[in-house]
Protein chains: 2
Amino acid sequence: MGLRERKKEKTRLALLDAALDLFLEQGYDATTVEQIAGVVDVSPRTFFRYFSSKESIPLWFHEQGEETMTETLDSRPADEPAFTSMTHALRAVIHDMQGSTPEDTERFLKLRKLFETNPALVGKSVARGTAAELRLTEIIARRRGADPADQLSHLIVAWAMATMRVGFECPYEPTNIRAIVERMEQTLAIAENSLKPGWDT
Amino acid sequence: MGLRERKKEKTRLALLDAALDLFLEQGYDATTVEQIAGVVDVSPRTFFRYFSSKESIPLWFHEQGEETMTETLDSRPADEPAFTSMTHALRAVIHDMQGSTPEDTERFLKLRKLFETNPALVGKSVARGTAAELRLTEIIARRRGADPADQLSHLIVAWAMATMRVGFECPYEPTNIRAIVERMEQTLAIAENSLKPGWDT
DNA sequence: TAACTTATGTCATACGATGACAGATGACAA
DNA sequence: TTGTCATCTGTCATCGTATGACATAAGTTA
């Protein structure tokens, strides 16, 4: 890894951290891209070269999660019930969270606090999630040998994502990742217990 | 109803229709507020006095639907299973759709086509829906005598909304409201059949 | 008709976002 | 080390969304 690449990574993280801190200090809306860039001492134009938009900062984690889910889903056996595969994909995301570096963990907790203080962001994250939902639905539908327009495939994915969201948006103030993970596992358990066996086949 | 009020309503609908037509002609992103205002012959500033944002045009139906759901939910008996109440709320929205004027029906069909050609809008509609989801969750949690942070209450609402979305986003090209309503009823039926009796109590 | 309320247009301004171009900086081979 | 090349960066220009301030025009009411 050359100097150039390291420098880029450093700038990227600096922008991310600066943005996160400013968001928590003065609120998401009140923070401008100019301010974020100012802290890191780069031009606003450069900010947009690292992040496609101001929004993509609080959404960087979700993008990461979607990737994990897609990969996991592809690796699951084809004859597994669809919702079961989805829960595995969700748990893979949880697993990633637990295995992240202390820096990433801190960022994640900050992010969570940000979402809590700014409910509008939750909406925006779901908005981004819709595109991912479509891709996941295609995978599930193909596996089930169904039309991409198949309602049940849609429903399986939509409910799984909704479950994840409910688990993530716990209004408790978590001081560590463990609390969030536990909460997610709880929610997942409730979901699994609420569904009739074989509904997703 | 005075002249002034009638004039306002007329302008509002003119802006709505102009926007919808332009969106379908040249796409949502390619259409500017200036153009929309131009068709109706008002200043762009005036547009923003009728609609809080460009986005709120394709979202006007959702806002309407949320209102219906909240009202319905409040009128349901307190001892009814929560998810059942939610399905009633959803069906109330469907019922409203069937009872609308021909003009509104046309607008709704245009809107649906718009959502189909612009998946990003689906995301944005869900984003708006998140706020409504929070309010509905509060109602459900209170009825269930649970904490507002109760996971099951969250899950009940989230799954119901997800079901609605799956029904709405049918990739079929509906020429009339009936086709959409049928599709929604189908999705709702699948959902109801997938859940264990009593899961929502 | 006069006095009022309210809607509208015309500024000005802020912020997010993108394209174009030139200069700075790191990468790499001779 | 030096020269060449690729790439990153800042500056500038521009567009579109959105909001506040203020004067004017329109409808309302006495």
Side-chain angles (χ1 to χ4, degrees), chain A residues 1-16 18-60 63 114 118 120-121 123-125 127-128 131, chain B residues 1-16 18-60 63 114 118 120-121 123-125 127-128 131:
Chain A
M1 210 197 215
L3 167 60
R4 179 171 253 159
E5 224 169 322
R6 266 180 290 142
K7 226 174 174 179
K8 272 187 74 175
E9 190 61 21
K10 206 173 137 191
T11 306
R12 181 181 187 81
L13 290 176
L15 283 170
L16 186 62
L20 239 35
D21 288 336
L22 283 172
F23 289 163
L24 286 177
E25 270 174 46
Q26 15 171 310
Y28 176 78
D29 290 323
T31 304
T32 67
V33 172
E34 200 179 350
Q35 287 178 311
I36 302 170
V39 173
V40 187
D41 219 56
V42 294
S43 76
R45 187 66 184 85
T46 297
F47 172 90
F48 286 107
R49 289 194 175 105
Y50 281 91
F51 297 94
S52 58
S53 68
K54 181 181 161 187
E55 256 186 44
S56 72
I57 290 268
L59 267 45
W60 113 96
E63 288 167 18
L114 177 61
N118 197 334
L121 280 179
K124 289 182 180 176
S125 82
R128 282 292 160 106
Chain B
M1 210 198 214
L3 166 61
R4 178 173 253 159
E5 225 169 323
R6 267 179 290 142
K7 228 175 173 178
K8 273 187 74 175
E9 190 61 21
K10 208 173 135 190
T11 306
R12 181 181 187 80
L13 291 176
L15 283 171
L16 186 61
L20 240 35
D21 288 336
L22 283 173
F23 289 163
L24 286 178
E25 269 173 47
Q26 13 170 321
Y28 176 78
D29 290 322
T31 303
T32 67
V33 171
E34 200 179 349
Q35 287 177 311
I36 301 171
V39 173
V40 186
D41 219 56
V42 294
S43 76
R45 187 68 183 84
T46 296
F47 172 90
F48 286 106
R49 288 196 176 103
Y50 281 92
F51 297 94
S52 57
S53 67
K54 181 182 162 187
E55 256 186 45
S56 73
I57 290 267
L59 267 45
W60 113 97
E63 287 167 18
L114 178 61
N118 198 334
L121 281 178
K124 290 182 179 174
S125 83
R128 283 290 162 108

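These values consider heavy atoms only, across backbone and side chains, with no hydrogens, waters or symmetry-generated copies.
For A:Gln26, the CD atom is densely surrounded, since the number of other residues' heavy atoms within 6.0 Å is greater than 12.
Across all non-hydrogen atoms, the minimal contact from B:Ala37 to B:Leu15 is CA-CD2, 4.3 Å. Of all heavy-atom pairs between A:Val40 and A:Ala18, the closest is CG2-CB, 3.9 Å. Scanning both residues, B:Ser53 and B:Ser56, for their nearest heavy atoms gives O-OG, 2.8 Å. The shortest non-hydrogen separation linking A:Ala127 to B:Gly123 is CB-O, 3.2 Å. Scanning all heavy atoms of the two residues, the minimum distance from B:Leu22 to B:Thr31 falls at O-OG1, 3.4 Å.
In the 5' to 3' direction, nucleotides of DNA chain D lying under 4.0 Å from heavy atoms of chain B begin and end at D:dG16 to D:dT28.
Using a 4.0 Å cutoff on non-hydrogen atoms, the parts of residues 44-54 of chain A near DNA chain C are A:Arg45, A:Phe48, A:Arg49, A:Ser52, A:Ser53, A:Lys54, ordered by number. Within residues 23-42 of chain A, the residues approached by DNA chain C to less than 4.0 Å at the level of any non-hydrogen atom are A:Thr31, A:Thr32, A:Val33, in residue-number order.
Among B:Leu59, B:Leu16, B:Ile36, the one residue that satisfies the side chain to side chain contact (heavy atoms under 4.5 Å, CB included) test with B:Phe51 is B:Leu16.
Here B:Asp21 pairs with B:Lys110 under the side-chain hydrogen bond (donor to acceptor under 3.5 Å, both in side chains) rule; sequence neighbours left out. B:Glu63 is linked by a salt bridge (Lys or Arg N to Asp or Glu O under 4.0 Å) to B:Arg128, counting only residues two or more places apart in sequence or in another chain.
Judged by distance alone, the side chain of B:Thr46 and the main-chain N or O of B:Val42 form no donor-acceptor pair under 3.5 Å. Here the side chain of A:Gln35 pairs a donor or acceptor atom with the backbone of A:Thr32 at under 3.5 angstrom.
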Collect all protein-nucleotide pairs involving nucleotides 25-28 of chain C in which both atoms are nitrogen or oxygen and the distance is under 3.5 Å.
from	atom 1	to	atom 2	distance (Å)
C:dT25	O2	A:Arg4	NH2	3.0
C:dG26	OP1	A:Lys7	NZ	2.7
C:dG26	O3'	A:Arg4	N	3.3
C:dA27	OP1	A:Leu3	N	2.8
C:dA27	OP1	A:Arg4	N	3.0

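Between B:Phe23 and B:Lys54, some side-chain heavy-atom pair lies under the 4.5 Å cut-off.
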